[in-house]
Amino acid sequence: MADAKEEIANKTVYLDYNATTPLSPSVLQIINETLRDAWGNPSSAHVSGKKAKEVINVARSRVAKMVGAREGDIIFTSGGTEANNTVFWSVVKHFNMFYKTNDSSKQLPHIITANIEHDSVTLAIENFVKEGCCEKTVVGVSSTSGMVDVDRIIEEIKPNTCLVSIMMANNESGVIQPINEIVSKIRKLQCSRDESGYPKIFVHTDAAQAIGKINVDVSELGIDYLTIVGHKFYGPRIGALFVKSPAKDTPLHPLLFGGGQERGFRPGTENTGMIAGLGEAAQLVVDNLETYSMHMRKVRDHLEKRLVESFPNQIHFNGRFATSERIPNTCNFSILGPDLQGFRVLSRLKRTQVSLGAACHSDQQFAPSRILLAMGIGNEIACNALRVSVGRETSLNDIDIVLDDLQQAVSHLQNSH
Ligand SMILES: O=C(O)CC[SeH]
């Protein structure tokens, strides 16, 4: 009995699900079973190969169903970074194949993106610019909504614009971006652009933080490219890229060259076990999204209620706006006070696993989040920020443990002078 009590007393609460999620039990099970029973090379003609190929076909169908896509529009990748980089490479290569002109002003493809994107978007585009392969325009999000201004995106369009890439939901603030509206307004421009001989403007969204939390339907969005990241929705660390009619309606050029796998769009012997796991994770989303979403919202809202009760007049929510929506699991907040920088509070937490912001920026813990600064949040408040992202299994009791931990940490820091 003592052991059980001790275990409860020492339990730590993981609330960093936007960084990564554990595998769902059925995902782990199907991965194990596939590695054990369907290890053949999917390209082999014999029965072992056919068995592996069938596993991949089923997984592709499940992933496609999760995002409302046709199976042929899903290409498996190693993850979100590869998927994002493939989009930029494809549109740049397509532009150079069909729109390269003698007029240097139109010589380079132009990409529009936002100032809150994940590094696999921001740095990939920056590299293309440094290499002299494209031009970019980075639009800022509004400080009153955390969303990009759609009309501003439209204003930034130029004759050589060929891609708009805006994430579906931000990993730190949780704010959902107006993808439908962006696509709709861009499509209205296309006729006149066609008449002028200007390139089609494709639209890409990195849906890493949206899938498994809110409904994601490529038909409803009208999107051309959509990035899927398994380890954000209790799946394995691989990903997929949705491309609307690849190489027909929408450019798709491989980053890699080798065998003919994935119809030549993504060569390399397939990671059958992980693909099976991605398919299972997708099926769980198809079957349970509403339940997942409602539960995470209930727990996140309880957290926010408890924060205000525990720290009256001392909490600033960094992603909560009257004019925008957030994914249901994310809460970014600052506890105001001169000694309460996020890294200090984090160092005093004994039972809570949260982050200051994106995991890939965790080496910059003493600097305020670039995402929060980009949203117009002041330096002092941004320095005190903590990012909490709850999961499917997070309980109200977990939140109470975290609030107790936070209160003790803050009390210690405020009384340490
Ligand atoms: O936001 C996160 O932690 C995942 C992206 Se690096």
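Both counts, for ligands and for their atoms, begin at 1 and track the order of listing.
- Neither the backbone nor the side chain of Glu172 has a heavy atom within less than 4.0 Å of ligand 1.
- Counting protein heavy atoms only, atom 4 (C) of ligand 1 is closest to Lys232 NZ, 3.1 Å.
- Only the side chain of His118 comes within 4.0 Å of ligand 1, judged by heavy-atom distances.
- The Asn171 neighbourhood of ligand 1 comprises atoms 1 (O), 2 (C), 5 (C), with distances under 4.0 Å to a heavy atom of that residue.
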| Can you check salt bridge (charged side-chain N to carboxylate O under 4.0 Å, His left out) on Asp151 and Lys185, steps first, answer last? | CA-CA 9 Å; Asp151 291 334; Lys185 291 198 172 177; 2.7 Å; yes
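- Using cut-offs of 30° and 60° on the angle between ring planes, the pair Tyr17 and Tyr14 is perpendicular.
- Cys360 SG, 2.5 Å is the protein heavy atom nearest to atom 6 (Se) of ligand 1.
- Between the side chain of Asn332 and the backbone N or O of Glu172 there is at least one donor-acceptor pair closer than 3.5 Å.
- Ring geometry for Phe317 versus Phe333: interplanar angle over 60°, hence perpendicular rather than tilted (30 to 60°).
- The shortest N or O to N or O distance between Ala358 and ligand 1 is not below 3.5 Å.
- In this structure, Glu309 places its CD atom where more than 12 heavy-atom neighbours from other residues, nucleotides or ligands lie under 6.0 Å away.
- Within ligand 1, the atoms closer than 4.0 Å to a non-hydrogen atom of Ala19 are 2 (C), 3 (O), 4 (C), numbered from 1 in the order shown.
- Neither the backbone nor the side chain of His231 comes within contact range of ligand 1; no heavy atom lies under 4.0 Å.
- Inspection of the Asn329 and Ser389 side chains reveals no N or O donor paired with an N or O acceptor under 3.5 Å.
- Heavy-atom neighbours of Glu33 CD from other residues, nucleotides or ligands within 6.0 Å: above the threshold of 12.
- Near Arg387, with a cut-off below 4.0 Å to any heavy atom, the atoms of ligand 1 are 1 (O), 2 (C), 3 (O).
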